[in-house]
Amino acid sequence: MNIFQIFHDRIAEILGQITASGRLPALDPARFVVEPPKDAAMGDLAANAAMVFAKDAKPHFPNPRQLAAEIATALAQSEGVAEVEVAGPGFINIRLKPTVYRDVLRGVLCAPDDFGRHAPSASDGTGHSRTGTLSGKVNVEYVSANPTGPMHVGHGRGAVFGDALANLLEFSGCEVTREYYINDAGAQVDVLARSAYLRYREALGEAITIPEGLYPGDYLKGAGEQIAKAHGRALLGKEEREWLAPVRDIAIAAMMDLIRDDLQALGITHEVFFSERTLHEKVNGVCEIDRQIEELRAAGLVYEGRLPPPKGQLPEDWEDREQTLFRSSDWGDDVDRPLKKSDGSNTYFAADIAYHKNKIDRGYTTLVDIWGADHGGYVKRMTAAVAALSNQKVDLDVKLCQLVKLMREGEPVKMSKRSGDFVTLREVVDEVGVDAVRFMMLYRKNEAPLEFDLAKVLEQSKDNAVFYVQYAHARGRSALRQALAAFPDLDVSATALSRAPLDLLEDEGEIGLARVIAQYPRLIEAAAAAHEPHRVAFYLYELASYFHAHWNRGKDRPQLRFVNPLERKLTGARVALVVCLTSVLASGLKLLGVSAPEEMR
RNA sequence: GACCCCGUAGCUCAGCCGGAUAGAGCAACUGCCUUCUAAGCAGUAGGUCGCAGGUUCGAAUCCUGCCGGGGUCGCCA
């Protein structure tokens with residue numbers, strides 16, 4: 001039950017009636033919003049419809065306040081409305097009867113897991129929000145780290161972000177596929193293979209030194225042993241071109257096992273692992289990438305031509321030559337982009353075109369790619385490509401995650417050079433736990449840089465948002481346990497709680513809590529439409545803070561406490577409220593992939 | 001040189017397709033509590049929203065140009 005949605009619909013209906021009376025043109029209801037007012041003293045809901053439509057209404061309503069007044073009058077008759085007033089330049093402020101919040105709470109109690117959820121319904125029109133489509137098949141591609149070593153902290157951010165976004169979209173009614181694009185083609189995996197080959201020789205007893213340019217990490221020892229196990233001494237002394245492919249296969253598989261373990265430690269699983277190499281594999285002499293290029297050429301999107309040299313620092317080996325170009329500048333990119341390297345092989349972009357075409361062909365209506373910020377320069381061409389490939393039918397939203405700066409007590413953590421590596425994601429997860437990592441990485445906009453303080457996230461204090469939110473949940477669960485201790489026969493089943501005398505919830509703090517709870521569905525919809533899971537984290541913090549503040553008032557005023565051994569009915573009503581609260585906290589935490597503990601001890 | 005992201009309180013950051021007096025936490029200052037409702041509570045103070053224009057009834061939000069920080073810039077993925 002989304003009260004904001006309900007009143008948006010009602011106001012749209014009233015506007016429709018005014019239109020029918022000939023005093024307004026037909027208007028798009030998606031243009032106005034119903035939102036919580038700036039200040040709770042102004043009421044429960046605020047609508048800006050009269051101001052948004054001021055221009056259209058001018059002939060019959062010279063100023064927005066007059067239109068607002070007419071809407072307000074009609075709205076005052078509406079169910080659940082206590083009072084409507086026009087304020088400021090033309091806001092319509094609605095004060096609700098307390099029964100509305102009781103209905104909301106009962107809704108939560110009856111179906112705690114579904115509050116805020118949008119069923120994957122068909123075309124009832126409600127799947128479309130004002131900012132994005134919240135229905136249909138969505139592919140979220142995230143992590144997609146090169147299979148050349150364990151994940152580092154930066155990868156972790158994209159991983160957590162993508163996973164939470166996927167959860168959020170699923171909860172909002174989309175059919176979501178979580179996908180990992182394995183960059184298992186190209187020079188980097190050859191370097192990996194050469195590095196693994198050294199480890200293979202090492203596993204067979206040779207003393208090795210790892211030259212500059214190869215991966216020195218210890219994590220390749222396992223791969224070396226696997227190669228030794230599979231091939232014995234057979235690969236020793238052979239030419240690289242003989243051992244490269246088999247070694248590479250084993251090394252990549254080993255690295256993917258490593259990465260999958262890292263992801264598992266973060267609670268992340270993908271449904272699809274898509275191998276870039278499959279796009280390069282030739283069938284009857286033609287690979288998927290070439291096939292796509294030729295299709296695009298036939299469609300006039302690919303041509304042979306020259307590119308002006310890049311301004312600024314000119315690459316040393318720049319040579320002006322004719323090459324195969326994708327007409328991305330026709331679709332919003334700055335210049336056309338090359339698809340072939342000088343040696344005739346395909347560029348990464350060419351492979352990515354084929355890959356995204358594959359996703360389009362699998363029937364997704366929205367594609368979301370999660371990339372590191374260093375790939376920012378790549379966004380336009382990919383967006384252009386998807387637009388061209390799908391004839392603008394499919395949306396691509398690329399979300400860039402900024403880098404993570406690891407701190408400890410405010411001091412930057414030194415990157416360990418020990419294994420030729422940085423601080424791995426696994427080390428961080430092992431040190432502070434998956435909940436802290438996930439929550440903190442989501443407690444920031446994706447495009448803002450993130451400082452992650454290893455000491456702070458373990459603090460058990462209000463300064464630490466993870467703790468604060470989880471504590472609110474634990475505290476709520478504890479209240480429920482206390483109620484059961486005071487009234488052992490108290491029925492806390494969903495049906496019983498939904499029949500609790502909620503009209504006894506009269507305190508401003510209780511009503512305020514209900515008000516924030518009622519905002520959850522709206523928050524979810526907005527966060528999902530904007531592809532911004534961080535909003536969920538901030539909402540949870542706010543909800544927790546309302547709860548803690550109310551709880552603290554009970555210290556001085558015991559009559560406000562949730563459990564009162566002398567007041568069975570009142571305790572029942574407050575327990576119902578607390579169950580609503582913990583349900584919403586648990587629901588939001590689940591979307592973020594963070595646990596909702598029963599206690600913090 | 002071009003493109004992308006960022007610039008909001010001393011610090012770290014929110015601010016939901018333009019909306020009412022720009023918010024929170026930390027730090028600072030002032031009180032309160034010394035608990036059994038568990039790792040404090042309440043309050044005060046603090047901002048030319050980088051700068052300058054523009055769009056409009058209205059701009060932190062949209063547009064343009066600067067300034068500052070970061071990133072990227074055929075044949076790395």
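So you know, we letter chains A, B, ... as the sequences are listed, proteins then strands, and number each from 1.
Salt bridge D369(A)/K399(A): absent, no basic N to carboxylate O contact under 4.0 Å. With respect to the salt-bridge test (charged N to carboxylate O, under 4.0 angstrom), the residues R574(A) and D507(A) do not qualify. We find that R477(A) and E598(A) are joined by a salt bridge, their nearest charged nitrogen and carboxylate oxygen being less than 4.0 Å apart.
Across rA24(B), rG74(B), rG40(B), the shortest atom-to-atom separation from the side chain of S461(A) is found for rG40(B). Closest approach to the K341(A) side chain among rA77(B), rA20(B), rC5(B) is made by rA77(B) (side chain taken as heavy atoms from C-beta onward). Of the candidate nucleotides rC5(B), rA24(B), rA38(B), rA24(B) has the atom lying nearest to any side-chain atom of Y541(A). Taking only side-chain atoms of D374(A), from C-beta outward, the nucleotide of rA38(B), rG71(B), rU56(B) with the closest atom is rG71(B). Across rC6(B), rG15(B), rA39(B), the shortest atom-to-atom separation from the side chain of E447(A) is found for rC6(B). Residue E532(A) has its side chain nearest to rG15(B) when only rC57(B), rA39(B), rG15(B) are considered. When distances are taken from the side chain of E276(A) to each of rA77(B), rG19(B), rC5(B), the shortest belongs to rA77(B). The D334(A) side chain lies nearest to rC3(B) when the options are rC75(B), rC3(B), rA20(B).
Within the 4.0 angstrom heavy-atom criterion, no nucleotide atom of any strand lies near K340(A). Backbone-only engagement by P449(A) is indicated by non-hydrogen atom pairs under 4.0 Å involving sugar-phosphate atoms exclusively. Using a 4.0 Å heavy-atom distance criterion, A87(A) is classed as a base contact. Within the 4.0 angstrom heavy-atom criterion, base atoms lie near F467(A). At a threshold of 4.0 angstrom between heavy atoms, the contacts of Q323(A) include nucleobase atoms, whether or not backbone atoms are also involved. Among the atoms of the strands shown, base atoms are found under 4.0 Å from some heavy atom of A46(A). Contacts of V563(A) with the nucleic acid, taken as non-hydrogen atoms under 4.0 Å apart, are absent. Residue contacts shown for E542(A) are absent, as no nucleic acid heavy atom lies under 4.0 Å away. Note on T347(A): nothing from the nucleic acid sits closer than 4.0 angstrom, heavy atoms only. E319(A) comes within contact range of at least one nucleobase, with a heavy-atom separation under 4.0 Å. Nucleic acid contact class of D28(A) (heavy atoms, under 4.0 Å, all strands): none. Counting non-hydrogen atoms under 4.0 angstrom, Q188(A) reaches the backbone sugars and phosphates but no base. Within the nucleic acid shown, S478(A) comes within 4.0 Å of at least one base atom, counting heavy atoms only. Among the protein residues, R444(A) comes within range of the sugar-phosphate backbone only, with heavy atoms under 4.0 Å from sugar or phosphate atoms but none that close to a base.
When the P atom of rC62(B) is taken as reference, atom CZ of R31(A) falls 19 Å away, rounded to whole Å. Computed from coordinates, the Y546(A) OH to rA24(B) P distance equals 10 Å when rounded to whole Å. Rounded to whole Å, atom P of rC16(B) lies 10 Å from atom CD of E35(A). Note: CD (E459(A)) to P (rC26(B)) measures 11 Å, nearest angstrom. Atom CG in D352(A) sits about 13 Å away from atom P in rC75(B), given to the nearest Å. In this structure, the NE2 atom of H548(A) is 11 Å from the P atom of rA42(B), given to the nearest Å. Distance CZ (R535(A)) to P (rA14(B)): 12 Å, rounded to an integer number of Å. In this structure, N552(A) atom CG and rC33(B) atom C1' are separated by 11 Å, rounded to whole Å.
Spacing of P atoms, rG69(B) relative to rU8(B), comes out at 14 Å, to the nearest Å. Annotation: rC57(B) and rG47(B) have their P atoms spaced 32 Å apart (nearest Å). Taking atom C1' on both rC41(B) and rC33(B), the two are 7 Å apart, rounded to the nearest angstrom. Nucleotides rG7(B) and rU44(B) place their P atoms 28 Å apart, quoted to the nearest Å. Here the separation of rG54(B) from rA59(B), taken at their P atoms, is 12 Å to the nearest Å. Nucleotides rA24(B) and rC16(B) place their C1' atoms 16 Å apart, quoted to the nearest Å. As rounded to the nearest Å, rG10(B) and rA45(B) have C1' atoms that lie 13 Å from one another. rC62(B) and rG19(B): their C1' atoms are spaced 14 Å apart (whole Å).
OP1 or OP2 of rA39(B) sits under 4.0 Å from a side-chain N or O of Y471(A). Contact annotation: R475(A) side-chain N/O to rA39(B) OP1/OP2 distance is under 4.0 Å. Taking side-chain N and O atoms only, K58(A) has no distance below 4.0 Å to OP1 or OP2 of rU56(B). Between K445(A) and the phosphate of rA14(B), there is a side-chain N or O to OP1/OP2 separation shorter than 4.0 Å. Between H534(A) and rG15(B) there is a side-chain polar atom (N or O) within less than 4.0 angstrom of OP1 or OP2.
Note: F538(A) and H534(A) have perpendicular aromatic rings, judged against thresholds of 30 and 60 degrees for the angle between ring planes. Aromatic ring pairs are classed by plane angle as parallel below 30°, tilted from 30° to 60° and perpendicular above 60°; the pair Y468(A) and H548(A) is tilted.
Side-chain polar atoms of Q460(A) and N464(A) form no donor-acceptor pair below 3.5 angstrom. With no hydrogens or angles considered, a side-chain donor-acceptor pair links Q470(A) and D435(A) at under 3.5 Å. Between the side chains of T148(A) and Q188(A), no donor-acceptor pair of N or O atoms lies under 3.5 Å.
Stacking of R337(A) on the aromatic ring of F349(A) is not recorded, the 6.0 Å distance cut-off and the 45° axial limit not both being met. Judged by a 6.0 Å distance limit and a 45° cone about the ring axis, R327(A) is positioned over the six-membered ring of Y303(A).
The base of rA20(B) lies close enough to the side chain of N93(A) for a donor and an acceptor atom to sit less than 3.5 Å apart. Side-chain atoms of R522(A) come within donor-acceptor range of the base of rC16(B), with a qualifying N/O pair under 3.5 Å.
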Paired and unpaired positions of RNA chain B as dot-bracket, Watson-Crick or G-U wobble under 3.5 Å, | denoting a partner strand
(((((((..((((.....[...)))).(((((.......))))).....(((((..]....))))))))))))....

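RNA chain B is contacted by both L307(A) and G554(A); G554(A) maps to the nucleotide lying nearer its 5′ end (nearest heavy atom per residue). Map F538(A) and L400(A) each onto its nearest nucleotide of RNA chain B; the residue landing nearer the 5' end is L400(A).
Here F91(A) lies parallel enough and close enough to stack on the base of rA20(B), with planes under 30° and ring centres under 5.5 Å apart.
Less than 6.0 angstrom separates the ring centroid of F562(A) from the ring centroid of H550(A).
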Report the C-alpha distance between Y520(A) and Y539(A) in whole Å, list the side-chain angles of each, state the deciding distance to 0.1 Å, and finish with yes or no for ring-ring contact (aromatic ring centres under 6.0 Å, His included).
CA-CA 8 Å; Y520(A) 186 62; Y539(A) 169 84; 5.6 Å; yes

